[in-house]
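Before any comments, here is the structure.
Lettering of chains follows the sequences in order, A, B, ..., and the numbering in each one begins at 1.
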Amino acid sequence: HEEPLLFEHAHEAPESINLPGVDGEISAELSAFSRKQAANIPGLSEPETVRHFVRLSQWNHGIETGFYPLGSCTMKYNPRVNEQVVRLPGLAHIHPDQPEDTAQGVLELMYELQDWLGEVSGLPHVTLQPAAGAHGELAGLMMIKAALDARGQSQRRKVLVPDSAHGTNPASAALCGMHTVELKSGADGRIDLDELKAHLDDETAALMMTNPNTAGAFESDIKEICQLVHDAGGLVYGDGANLNALVGVARPGDMGIDCLHINVHKTFSTPHGGGGPGGGPVAVNDTLAPYLPVPRIEKHGDTLTLVNACDTSVGPVLGTPGQIGVYIRANAYISAFGRQHLHKIAEDAVLNANYVLHRLKDRYHVPFEGLCKHECLLTDEIQNKHGVKTLDIAKRLIDLGFHPMTVYFPLIVHGAMLIEPTETESRETLDAFCDAMLEIADACEAGDTEALHEAPLKPFRRRLDETQAARKPVLVWPE
Amino acid sequence: HEEPLLFEHAHEAPESINLPGVDGEISAELSAFSRKQAANIPGLSEPETVRHFVRLSQWNHGIETGFYPLGSCTMKYNPRVNEQVVRLPGLAHIHPDQPEDTAQGVLELMYELQDWLGEVSGLPHVTLQPAAGAHGELAGLMMIKAALDARGQSQRRKVLVPDSAHGTNPASAALCGMHTVELKSGADGRIDLDELKAHLDDETAALMMTNPNTAGAFESDIKEICQLVHDAGGLVYGDGANLNALVGVARPGDMGIDCLHINVHKTFSTPHGGGGPGGGPVAVNDTLAPYLPVPRIEKHGDTLTLVNACDTSVGPVLGTPGQIGVYIRANAYISAFGRQHLHKIAEDAVLNANYVLHRLKDRYHVPFEGLCKHECLLTDEIQNKHGVKTLDIAKRLIDLGFHPMTVYFPLIVHGAMLIEPTETESRETLDAFCDAMLEIADACEAGDTEALHEAPLKPFRRRLDETQAARKPVLVWPE
Amino acid sequence: MRFLPHTDTDRTAMLETIGVSNMAELFSDIPGEFHIEKGSLEIADALSEAGIVRKFTKASEKNRNATNSRYFLGGGTYHHFVPAVVDYIISRGEFLTAYTPYQPEISQGTLQALFEFQTMIARLTGMDVSNASMYEAATATAEAALMARRVTRKSRVVMAGSVNPRYRSVTANYLSRLDGEYAEVDMGRHGTDLDKVIAAIDEKTACVIVQYPDFYGSVYDLAPLRAACDAARCLMVVAFSDISAFALIESPGAMGADIAVGSGQSLGIPMGFGGPHLGLFTCKQKYLRQMPGRVCGLTSDADGKRGFVLTLSTREQHIRREKATSNICSNQGLMCTAAATYMTQMGDAGLGTVARHSAAALHSLVSQLPGHVTAAHGAHYNETVLSFADQQARDRFLKAAQESDIFAGIPLEQIETAADGRHLLVATTEMVEEADINDYLAILEVAK
Amino acid sequence: MRFLPHTDTDRTAMLETIGVSNMAELFSDIPGEFHIEKGSLEIADALSEAGIVRKFTKASEKNRNATNSRYFLGGGTYHHFVPAVVDYIISRGEFLTAYTPYQPEISQGTLQALFEFQTMIARLTGMDVSNASMYEAATATAEAALMARRVTRKSRVVMAGSVNPRYRSVTANYLSRLDGEYAEVDMGRHGTDLDKVIAAIDEKTACVIVQYPDFYGSVYDLAPLRAACDAARCLMVVAFSDISAFALIESPGAMGADIAVGSGQSLGIPMGFGGPHLGLFTCKQKYLRQMPGRVCGLTSDADGKRGFVLTLSTREQHIRREKATSNICSNQGLMCTAAATYMTQMGDAGLGTVARHSAAALHSLVSQLPGHVTAAHGAHYNETVLSFADQQARDRFLKAAQESDIFAGIPLEQIETAADGRHLLVATTEMVEEADINDYLAILEVAK
């Protein structure tokens, strides 16, 4: 079914929705500013509104409709009870500026989450302010910069970033007034210690690293890496995007990481919502604690309070206390596992990734040998010989009922396919996915590649012309 | 995507769900009765449970996904706020036997709904006990029987039922220990007064009638019909399935109907849920009031109470106070329209049906001339000439994106197609549906009927073999 | 009105298409004397959506409920835990706003869920087949009696006095409109005396109806009754009120039931002040074609693919009219989807835990009762009768408990009218915690 | 664990496939010294789902909320009505559990909703284009300043002192890490003095940021600023906190804004203690390629059918890395769908009513104030500052109001640190009824 755009629905808006409130006069002063032309928002009746958006929803693939193995995105199941509790009136309909004594319940949940994130990361001081991972990177770098400045090291403005890093890393560094130097990965896809040493100097502010890295490999030299950076006078920023591989099993703080952002929409299963909202709390060690953003949630006696005054703080990075609704869900996810089961998140996530790797490794090129952690990296090298590229494989997976893996990232290999199954997928689903991948490999070898180039054929739309979209951008519907 | 049966999911059940409560001993006496063989209920993890049922849901057509013009079923939009309020903890998590002083809120809503249904029907005494329309028929006939018995007329056991009636009418009469005589409809599809007179005698208990009838026509002789039945010593039962045509515009009680059941899942928009739950409150006049079922909701002083003791009552017809959750939604629907707008339900419903009738009447055979009420009746007579039957038209509509109308009912015409658009459909949708119907008519005339016989081709399943299902019934999956 | 898509311009244009000049003309076939003045009905003023939320929130807050009180209430309705996924699934418009699946090609979701429901209900009850629901347990019991009469072509129905009084009275009420005898067997105590029941069987008997566990929560062996029914060639009908029991104790099927009926409310459906609940109807395969209500069956489509349809509709009223096996049409469809989701989420292990915790809570309570309160003897699942010295003692306790946010039980006479006023019907589920039992016991001591 | 599908049998079989003998081996690449003991983290014990519901219900009940109190609080977060359909739509798994629509063929639902969102936001703000959201208003304001610097290749940012102090401090904070001057213009009163703002513009100025309606709720003509910006060839950036205003008063676009940023929380998103909210970012077409954040654009598929994709990604960090227009990646996607649903349900007429009722409530309140309380002068939309004789008088009133379940306003110094303690920032929406205003006024009299 072709659902038209709202603006194409063939009628005037029906009678206005009945609304509560004061149906009275507005002030004469305000009337002078009345809008002259209607905004032209096409109101639909409630039946039409619901049908429009329900139909749109039917064109989406989500975790609830199928496997979603996007590498580095940690698309795990989002518990329904979390959606229930976040809508409790005392959590949904509260104002950030209402008196604190009338909001202790929500503050308790936030305070508890801070504690838990500190435990999980091994970095005991946590801010919930950052609204997303990249925002956490900015906040973390601000703290690092402040700490270095306090040491009188304000010349340290260089941030080392492996070439396998997420693109947000260099972008965040730039936003924080620092510049980045790219570290070339070693032959095993990991940080090359020599390369690292070669770039460490007295201008180095920090190394930003993701561990496990975006090739799914654990940086086994982590202790030495951190030591080298610290010895050189820098700090180590951890990109927590891949924390799912470690939760309950090992802690970045114990390894020498100074500062880590935690994508709660990944590790702690708050829904991705088609692109957000997420949450990017940052956990830091004692060195960086003085610089945490404000407001901070602190306990004074039995009372929790939002503290804004702090001389050493890097200041606020958001205009509100944070993505509270997202954090309520994260607290609920951790509560469900608890002390007893939390490590099973990492265990099953890593088990699943290695299982997929081992089922596919003979038919797809594996650029880096060895165990993977929560995600595994393949390339299209074998399929290239048959004229098939990563993009074709991805689109063919759609026809076979799966969301594709992350493609062409990390940039350190050609034709990357990064697969992250997460802990919430069954062996049955993994097998079905691997069977589909093997079917594609078979088709390539058999030279039966037409369906691969044409794919996808089954969904509501076929391959979309991105060049056309970018060349002459149409971002709004004309009136 | 082919979603397997639960029982086909390829694994053992994962670890048990964590449940609250007392993890202690059970009594030795009870242990002696322990179940010897597991029930073999295939527990799935929560991610798999959700994905299984979400995928199943995708194979359904519902009011929220498209037009659903089932005649006599009144498939209107089901407001989302009703789903919200019915889940309030003080309405969802309450026990029918908790002390009445702790349940006044729900009793108030029920009492108010009784009043309103009395107002709408013109029959002021209402029972909320019956769980569905057919159940209301039974309760109503019990009351009629009791009233006749009280008059010393216990020989009256004959129920007159027009041949256009819903099948539940005779079935309910039989269940109430009465027998039915079918009245042949007149040439206009309405009750034939001579036919009625011919069957009225001193064994006649009641006439069961639907008005507007199942051909969508208002029984304009209603006053005379009721008078004739009353004069003959019988009572008139109204089947309220078609009340949507009258709500706020005219009242069955004013016309002489003694007793009417009201399908709240039709007229007052509680969702049909794939076949229920519905609700079939019965409204009666003063004559029948003494016989209302128990429990009754009565107001004593400021307190509402469920009254069970009543000598004249026909007794309880249900083991609980009723389909409370359904009635909460019905109350909310009426609240949204209120006194000011209630009549618009009938107005727009009738407008929509007549609009469809007039757009189609030149291309489809209209068995009965004149205005229709909330639904319009067509037949396949014209399309028969091209070898196309009602069933083909219905299945072709599926391919064109619509749920079919009611087919082969009422039985008084050959190849019936009964279309009920309801008040919540837009002109745009009606036009799209009529265009589809006209496209089908065009195809028939052009002899282009293959798609009609093959239909449906688009949904997940094509025509299903009902004979096979009935001949060797498989109602459960083998272990 | 936000539910009505038309503007007045639409209405005018449509009236023109129809060829009438105004809305009133569309109603000209209704005699003028019956037209009522618009807005004249005594119904409240229209509310905004926010107004509706406020109105129902206010009503909701007048009721104490299971999120702010502890419930020891049963008698046919139980406060079991409902996982959030159940409500989410049945809230999806595709399930919620669909009709009865008469067009199977675009209703396979509902149909497959029904097939899965039927299968799991059959397995849990130990019966061969299940239908796709009845209204609730009392009407299901009545329908079982009627079915037994059709199967046996005999008309007498014997009902044990330990069946829930509400199931009994609805069944008696249904049967009283039809020919044939109905006999209730007084048990003389808060439990089931099968000897008395068996003694009531005669050659005209179509069926014997017992409840298992019975209304007072007691669990007993049905083998003697099975033998007696075989001897008299009548059907053994087993009613039940909390199906979670059968994850722990022998099922009605294993006990030999021909027909087993009861409530499925415990399977993921909130108490809701009594409805909508879920009536269950199961029987042996051989009686299938006399079963009331809709059933979903397996078949294949034009391409040979597996699919599901509503089947055996020749039993039903839209085909058979007055000869139908029942008049039931709308049933509790959505509640079947709820129960299917619930059972899938629970599995054998989860259902077993629910049952164990429910029974363990009762055992914990009963085995710690103070001397002035007695509980019925024998095997009990999650429900029993507590007896006090007199009504004053009981009501003093009830009041004290309610003040501590505990609904301590249902005064027995509230359901069983003839009972004297010193008994309390008490039920437990997995929602009762050890602390709640301790509070309960403490109040019993204090309010002695 | 109910979220984990594997049984131990599955795990064993999978470990075998992989070729390792136990789970620990999978983690052998992590140096042993970093392995922590299972269960050793100081985290609460695992809760059942029922336990989670109880825990959060208890926390929820500790907070007073807008279903049991009357809110006169604003300052960037507003209690507008949220229709039930909004929450239903964003609760559907297809929207809720999807990722960023990087695979457009199976994400057209999210994408079309985003395109509709962008269009409606552009229309409401009167701007040419909108992106697909920022985190919230303060960071959007900071990003606007950065964008203006890119567009103009100048670096000085002038900020009116009547912009929400939180937007100001976040913007200042962002800018302070980069080169370039940042100047705040003190207004000297609870309103906006454009003359002072204009006086602060110089040739190095990249942009001037004002809020409209300003932090104190006041509405004023931006034409003089537009002229001054033209003269200085800098951009006029307009921030806003309650977008519902623009259904009633002239839009930022009509006032000449080059960039307009602010909060979309009023569009169907609950207050949620401050998040997740919705940051909006709009600008003139010509500056499009310097805009931060994701955008959705129209295109066609391989069959020529209309479709939507995320576009202009060459501005973004996964392509441009440190040269990206912003580091924002995850945004508030789901909140865009919420806002699109809300606006569709409301339409011009509904949005207009929301705005009129919001403004009328403030007007009603202000025009009935007793003599001992004064309100800021001039045109106000739905927010203003009430001033008392001293802090004691104000706090006495606040306390009395709270005892009557009214949150009467935000102490101004809570947001604007420098303010003295006798002011109250007061906001109204359509959720305020005449009766609430009467109660408010009555308490003002009593608590004098």
Side-chain angles (χ1 to χ4, degrees), chain B residues 13 16-17 21-22 24 26-27 29-30 33 39 43 53 56-57 59-64 85 88-90 92-93 95-97 102 105 119 131-132 134 167 170-172 174 177 218 250 271 273-278 315 319-321 323-324 338-339 355 426 459 461-462 464 469 474 476-477, chain C residues 5 14 29 34 43 46 56 59-60 62-67 73 89 93-94 96-98 100 106 108-110 119 122-123 135 138 166 173 177 249 270 273-276 297-299 301-302 307 311 317-318 321-322 324 327 329-331 333-334 347 349-350 357 359-361 363 379 410 430:
Chain B
S16 169
I17 183 167
V22 176
I26 64 169
S27 73
E29 294 95 328
L30 186 63
F33 290 94
F53 287 101
L56 291 191
S57 79
W59 300 342
N60 262 13
H61 183 100
I63 267 291
E64 285 187 356
V85 298
L88 288 164
H93 302 298
H95 193 288
D97 290 298
T102 68
E119 268 297 291
S172 297
F218 189 79
T320 79
Q323 307 267 49
I324 307 302
R339 168 202 309 264
Y355 182 75
S426 69
R461 284 293 179 265
R462 297 190 51 213
L464 288 137
V474 178
V476 300
W477 189 245
Chain C
M14 292 169 76
D29 49 358
F34 300 133
I43 284 171
F56 286 83
S60 165
K62 285 189 190 168
N63 307 324
R64 293 213 59 81
N65 68 76
T67 67
L73 308 183
I89 292 297
E94 295 89 329
L96 184 74
T97 73
T100 308
I106 46 177
Q108 286 295 305
T110 292
T119 301
R123 290 181 181 186
Y135 306 133
R166 289 173 179 156
N173 203 13
R177 268 76 189 177
I249 64 170
F273 205 63
L298 186 148
T299 189
D301 81 350
T311 189
Q317 67 294 130
H318 61 280
R321 302 183 79 86
E322 68 182 325
N327 73 330
C329 182
S330 283
N331 56 16
L334 193 69
H357 288 194
H363 183 57
I410 304 171
E430 79 281 10

Check: B/Trp477 main-chain N/O paired with C/Thr119 side-chain donor or acceptor under 3.5 Å: yes

Chain B shares the most heavy-atom pairs under 4.5 Å, among C/Ser330, C/Ala98, C/Gly93, C/Ala122, with C/Ala98

C/Thr110 versus chain B, the contacting section by heavy-atom distance below 4.5 Å: both

Would you mind telling me which of B/Pro321, B/Ser27, B/Gly24 has the largest number of heavy-atom pairs within less than 4.5 Å of chain C? B/Ser27

Examine whether an atom of C/Ile89 lies under 4.5 Å from a heavy atom of chain B, and if so say whether it belongs to the side chain, the backbone or both; otherwise answer neither. side chain

Looking only at heavy atoms, which two atoms of C/Ala379 and B/Phe33 are closest? And how far apart? CB-CE1, 3.8 Å

What part of C/Ala359 lies closer than 4.5 angstrom to a heavy atom of chain B: side chain, backbone, both or neither? both

Most heavy-atom pairs under 4.5 Å with chain B, out of C/Ala138, C/Ala360, C/Gly297, belong to C/Ala360

Pair count under 4.5 Å, heavy atoms only, with chain C: among B/Val476, B/Val85, B/Asn60, highest is B/Asn60

Evaluate the criterion side-chain contact (heavy atoms from CB on, under 4.5 Å) for residue pair B/Leu464 and C/Gln108; output intermediate values, then yes/no. CA-CA 11 Å; B/Leu464 288 137; C/Gln108 286 295 305; 3.4 Å; yes

Which heavy atom of C/Ile106 sits nearest to which heavy atom of B/Pro459, and what is that distance? CG2-CB, 4.0 Å

Sort C/Leu298 into side chain, backbone, both or neither according to what part of it lies under 4.5 angstrom from a heavy atom of chain B. both

Max heavy-atom pair count under 4.5 Å with chain B, selected residue of C/Pro276, C/Ala66, C/Gly347: C/Pro276

If we define contacts as heavy-atom pairs under 4.5 Å, which of B/Gly319, B/Gly274, B/Gly177 has the most with chain C? B/Gly274

Heavy-atom nearest pair, B/Ser172 first then C/Asn327, reads OG-ND2, 2.8 Å

Between C/Glu430, C/His357, C/Arg166, the one whose heavy-atom pairs under 4.5 Å with chain B are most numerous: C/His357

Quick one: does any side-chain atom of B/Ser426 pair with a main-chain N or O of C/Pro5 as donor and acceptor, under 3.5 Å? no

Pick whichever of C/Thr100, C/Thr311, C/Leu96, C/Thr67 has the most heavy-atom pairs under 4.5 Å with chain B. C/Leu96

Name the one of C/Asn65, C/Leu73, C/Asn63 that satisfies side-chain contact (heavy atoms from CB on, under 4.5 Å) with B/His95? C/Leu73

Tightest non-hydrogen contact, residues C/Tyr135 and B/Ala132, listed as CE2-CB, 3.6 Å

Do B/Phe53 and C/Glu94 come within less than 4.5 Å of each other through their side chains, counting heavy atoms only? no

Just give me the residue among C/His363, C/Arg123, C/Met14 that pairs up with chain B most often, heavy atom to heavy atom, under 4.5 Å. C/Arg123

If you tally heavy-atom pairs under 4.5 Å against chain C, which of B/Ala174, B/Gly338, B/Pro277 wins? B/Pro277

Using non-hydrogen atoms only, which part of C/Ala361 is less than 4.5 Å away from chain B: side chain, backbone, both, or neither? both

Please name the pair of heavy atoms, one in C/Pro270 and one in B/Ala92, separated by the smallest distance, quoted to 0.1 Å. CB-O, 3.6 Å

B/Thr320 to C/Gly274 - nearest heavy-atom pair and separation: OG1-O, 2.8 Å

